[in-house]
Amino acid sequence: MQLETSNKHNVTQRLDRIFDPNHSLCKDDIIYVLEFIKKRVADKDPRLLDLSQPRLLENFQYFAEAATLLIHRRTGHDQEINRLRQLLMEAVHGLYPQDRESRSDINPSS
């Protein structure tokens, strides 16, 4: 139980840092979020079932856009980095609560 709680805290901390606008987003951060989403989908996270079908399609669109931008990314463009962060935030909609009170619900397996 202690390990599970610790892992949940680590995932939350990492996502908080990645989504912090003052954090310099790097390739590893982008891959971490994409892997986080992929794992949640593969595990059939029940929170995804709470989303409407149109919202699920939007999440996928944002996921695909972020992955495509990662592939074609030019380094050091602030506008592009901000766009990537926004795409990732939209792609985790329903899996990563934007408000701190709800973040304790993040599943520890990542």
> If you take all heavy atoms of Ala91 and Ile37, which pair is closest and at what distance?
Replying inline: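 Where Ala91 meets Ile37 most closely, the heavy atoms are CB-CD1, 3.6 Å.
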Test of understanding: with side chain to side chain contact (heavy atoms under 4.5 Å, CB included), list the residues that count as partners of [X], not counting sequence neighbours.
X     : result
Ala66 : Leu34, Leu84, Leu87, Leu88
Leu56 : Leu48, Leu51
Glu35 : Ile31, Lys38

> Can you tell me how far the CZ atom of Arg17 sits from the CG atom of Asn22, to the nearest 0.5 Å?
Replying inline: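 Spacing of CZ (Arg17) from CG (Asn22) equals 13.5 Å.
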> Going from CE on Met89 to OH on Tyr62, what distance comes out if it is rounded to the nearest 0.5 angstrom?
Replying inline: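 The distance works out to 12.0 Å.
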> Are any of the side-chain heavy atoms of Arg47 and Arg40 separated by less than 4.5 Å?
Replying inline: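 SC-SC contact between Arg47 and Arg40 confirmed.
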> With a 4.5 Å heavy-atom cut-off, do Val11 and Tyr32 have their side chains touching?
Replying inline: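 Yes, at least one pair of side-chain atoms sits under 4.5 Å.
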> Tell me the salt bridge (Lys or Arg N to Asp or Glu O under 4.0 Å) pairs involving residues 19-30, sequence neighbours left out?
Replying inline: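 Checked against salt bridge (Lys or Arg N to Asp or Glu O under 4.0 Å) - neighbours excluded - the pairs reaching residues 19-30 are Arg14-Asp29.
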>> Please list all pairs meeting salt bridge (Lys or Arg N to Asp or Glu O under 4.0 Å) that have one or both residues in residues 56-68, counting only residues at least two apart or in different chains.
In response: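 Residue pairs with at least one partner in residues 56-68: Arg55-Glu58, Glu65-Arg83.
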> Between Tyr96 and Phe19, is the gap from one ring center to the other below 6.0 Å?
Replying inline: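 Centroid distance Tyr96-Phe19: below 6.0 Å, so yes.
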